[in-house]
Amino acid sequence: MPTLVMKFGGTSVANLDRIARASKRVALEVANGYDVIVVVSAMSGKTNELVGWVNETSPLYDAREYDAVVSSGENVTAGLMALRLQEMDIPARSWQGWQVPVQTTSAHANARIEGIPTDNINAKFAEGMKVAVVAGFQGISPEGRITTLGRGGSDTTAVAFAAAFDAERCDIYTDVDGVYTTDPRIVRKARKLDRIAFEEMLELASLGAKVLQTRSVELAMRFGVKLRVLSSFEEPSDNAGTLVCAEEDIMESNVVAGVAYSRDEAKMTLISVADRPGIAAAIFGPLADAGVNVDMIVQNISEEGRTDMTFSCPVDQVVRAQKAMEDAKAGGTINFHDLVADEGVAKVSIVGIGMRSHAGVAAKMFAVLRDEGVNIKVITTSEIKISVLIDRKYMELAVQALHDAFELEKSA
């Protein structure tokens, strides 16, 4: 039998009624002749609740116990969906990460998948099981401990299963009917894209778009997984959703494909750091060891052998970053005058493969923000994206203005 992977996000399994609705979609694919691997997230809001309990109990928590707590949400969903499918006379069984097993690294709270042996699930398919309901977001380390893949990790689980089982396609069901030029809640004129290149989706995901997790897009691009994003609340159709595909499969595209944003950013500045070889490694090594996800980095011009180093990170990692820097200072690794954290910033980005062959995109972006009175604090660029850090209170204004300026409501 051909294999199909279906992933249902938290809003698609938020309660028993929605689990029943998702199960009906699975039943349709079983009727179409597929062996189905269903990857589920925790019920909407459950992971946030579990993370909140961990933070309240231990702000500087042991990541191994964090994983033990936070992974439990997916287990509940998997069991409930398997039960619902059984009630529909469909042979189904739930699978936790360790039962497959989903083999990962030991990087708790941000593990990477290293392998997915297919023997156990294929053996059950051969015995008559039609649906394997897999708890997403989790795996098992070489030490035998439960691990999690980072927020949104169920997307990565689904794509990894599609690659491992050579699935015909991987359908990601969520609460939106595809990938939009920006968040429709901010810009009413946002347009659904029929197709988007892997590279564009990768940038949008890494820059704050919540539709797909970054690593899931990386895996899909690497293994050529046919990836489709669609809504679990609309009736099935052949042309539903957005297809994430190779650049050569897109006939024409706009210069800018979309505008992404990340609201919960912080800008941190180490003031008066010694400007010497190795200072960047001395700063960002301890931050990496502390699990701080550094994004934008700017170093000021050196003056009298001292410089300022600015970087951005998620606002919920500020405490970890501060502790890592204070510990490094106390240990004599680095010396700085002060560490200033600005927790009131947001990142806004434009993305498009068309930017490779069009000049003046950055100048236009900066002019639009200037005309709206938005001050830019930090700028970073790549071949197909430009990101700026601005005051959070101007974030929605900036997104709307850029969407209008690049006329993203119009197709190419």
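Being a predicted model, the structure only gives us computed values, none of them experimental. Along the sequence shown, residues are numbered consecutively beginning with 1.
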task = Output, in order, the C-alpha distance, side-chain angles, deciding distance and verdict of side-chain contact (heavy atoms from CB on, under 4.5 Å) for F165 and D35.
result = CA-CA 11 Å; F165 284 82; D35 285 337; over 6 Å; no

query = Taking it one step at a time, do N335 and V273 satisfy side-chain contact (heavy atoms from CB on, under 4.5 Å)?
reply = CA-CA 6 Å; N335 182 25; V273 183; over 6 Å; no

message = I'd like to know whether S387 forms a side-chain hydrogen bond (donor to acceptor under 3.5 Å, both in side chains) with S349, so could you lay out the CA-CA distance, the side-chain angles of the two residues, the decisive distance to 0.1 Å, and finally the verdict.
response = CA-CA 4 Å; S387 296; S349 312; 2.7 Å; yes

ask   = Please walk me through it: do T147 and T104 pass side-chain hydrogen bond (donor to acceptor under 3.5 Å, both in side chains)?
value = CA-CA 7 Å; T147 57; T104 74; 2.7 Å; yes

request  = Dump the intermediate steps for side-chain contact (heavy atoms from CB on, under 4.5 Å) on R93 and V133, then the final yes or no.
outcome  = CA-CA 6 Å; R93 182 64 64 196; V133 187; over 6 Å; no

inquiry  = As a quick check of understanding, evaluate side-chain contact (heavy atoms from CB on, under 4.5 Å) for M309 and M268, giving each step before the final call.
reply    = CA-CA 8 Å; M309 187 77 77; M268 305 192 71; over 6 Å; no

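Minimum heavy-atom separation, V5 to A158: CG1-O, 3.6 Å. V225 approaches F198 most closely through the heavy-atom pair O-CZ, 3.9 Å. Looking at every heavy atom in both residues, F336 comes nearest to K329 through O-NZ, 2.9 Å. Closest approach of D308 to S272, counting heavy atoms only: OD1-N, 2.8 Å. Residues M81 and S23 share a closest heavy-atom pair of CG-OG, 3.7 Å. The minimum heavy-atom distance linking V351 with K385 is given by the pair CG2-CB, 3.9 Å.
Looking at M296 and L389, their side chains come closer than 4.5 Å, going by heavy atoms from C-beta outward. You'll find the side chain of P314 stays beyond 4.5 Å of the side chain of D264, heavy atoms only. Side-chain atoms of V70 and T47, non-hydrogen and from C-beta on, do get closer than 4.5 Å to each other. Two residues are said to be in side-chain contact when any heavy atoms from C-beta on lie closer than 4.5 Å; T157 and E74 fail this criterion. Side-chain contact between I186 and Y261 is present, with heavy atoms from C-beta onward closer than 4.5 Å. Taking the side chain as every heavy atom from C-beta outward, K347 and S312 never approach each other to under 4.5 Å. D171 has its side chain within reach of L230: a pair of non-hydrogen atoms, C-beta onward, lies under 4.5 Å apart. Counting only heavy atoms from C-beta outward, the side chains of I390 and N375 never approach each other to under 4.5 Å.
Judged purely by distance below 3.5 Å, without hydrogens or angles, the side chains of R151 and N110 never pair a donor atom with an acceptor atom. For the 3.5 Å distance criterion, the side chains of H108 and T148 fail to qualify, holding no donor opposite an acceptor. A donor and an acceptor atom, one from each side chain of N300 and R306, are nowhere located under 3.5 Å apart. Side chains of Y34 and E168: a donor on one and an acceptor on the other come within 3.5 Å.
Under a 3.5 Å cut-off, the side chain of Q299 and the backbone N or O of T310 do not form any donor-acceptor pair. Between the side chain of R191 and the backbone N or O of K410, at least one donor-acceptor pair lies under 3.5 Å. A distance-only check finds no donor-acceptor pair linking the side chain of S231 to the backbone of D175 [under 3.5 Å]. Under a 3.5 Å cut-off, the side chain of R228 and the backbone N or O of C170 do not form any donor-acceptor pair. Checking side-chain atoms of S106 against main-chain N and O of S141 turns up no donor-acceptor pair under 3.5 Å. Side-chain atoms of K364 come within 3.5 Å of backbone N or O of A405 as a donor-acceptor pair. Checking side-chain atoms of Q138 against main-chain N and O of G97 turns up a donor-acceptor pair under 3.5 Å. Side-chain N or O atoms of H358 include one that pairs as donor or acceptor with a backbone N or O of G354 at under 3.5 Å. Under a 3.5 Å cut-off, the side chain of D342 and the backbone N or O of G344 do form a donor-acceptor pair. Formation of a donor-acceptor pair under 3.5 Å by the T242 side chain with backbone atoms of V179 is found in this model.
Ring orientation note: the planes of F284 and F311 are nearly perpendicular, at an angle over 60° on the 30°/60° scale.
Residues D155 and K7 are paired through a salt bridge, judged by an N-O separation under 4.0 Å between the basic side chain and the carboxylate. Ion pair K192/D177 not flagged as a salt bridge, since none of the NZ, NE, NH1 or NH2 atoms sits closer than 4.0 Å to an Asp/Glu carboxylate oxygen. Note on E29 versus R169: salt bridge recorded, some NZ/NE/NH1/NH2 to OD/OE distance being below 4.0 Å. Contact check on R145 versus D67 returns no salt bridge, with no Lys/Arg side-chain nitrogen under 4.0 Å from an Asp/Glu carboxylate oxygen. The existence of a salt bridge linking K46 and E49 is confirmed by a sub-4.0 Å separation between a basic side-chain nitrogen and an acidic carboxylate oxygen. Ion pairing between a basic and an acidic side chain is recognised when a charged N comes within 4.0 Å of a carboxylate O; E396 and R185 show no such pairing. Classification of D327 and K323 as a salt-bridged pair holds, one side-chain N sitting under 4.0 Å from a carboxylate O.
More than 12 heavy atoms of other residues, nucleotides or ligands lie within 6.0 Å of CZ in R18, so this atom counts as buried by the packing criterion.
To the nearest 0.5 angstrom, Q400 atom CD is 7.5 Å from D404 atom CG. The CD atom of E343 sits 12.0 Å away from the CD atom of E265 when rounded to the nearest 0.5 Å. From L50, atom CG reaches atom OG of S71 across 9.0 Å, with rounding to the nearest 0.5 Å. With rounding to the nearest 0.5 angstrom, the CD1 atom of I350 is 9.0 Å from the CG atom of L408. In this structure, the separation between CD on E407 and NZ on K189 is 9.0 Å, given to the nearest 0.5 Å. Rounding to the nearest 0.5 angstrom, the gap separating the CZ atom in R195 from the SG atom in C245 is 5.0 Å.
Tested against F161, the residues T156, T3, V38, V134 include a single side-chain contact (heavy atoms from CB on, under 4.5 Å) partner, V134. Screening N120, I116, I37 for a side-chain contact (heavy atoms from CB on, under 4.5 Å) involving V100 leaves a single residue, I116.
A cation-pi arrangement is present between R320 and Y61, with the terminal nitrogen or guanidinium carbon under 6.0 Å from the aromatic centre and inside a 45° cone about the axis.
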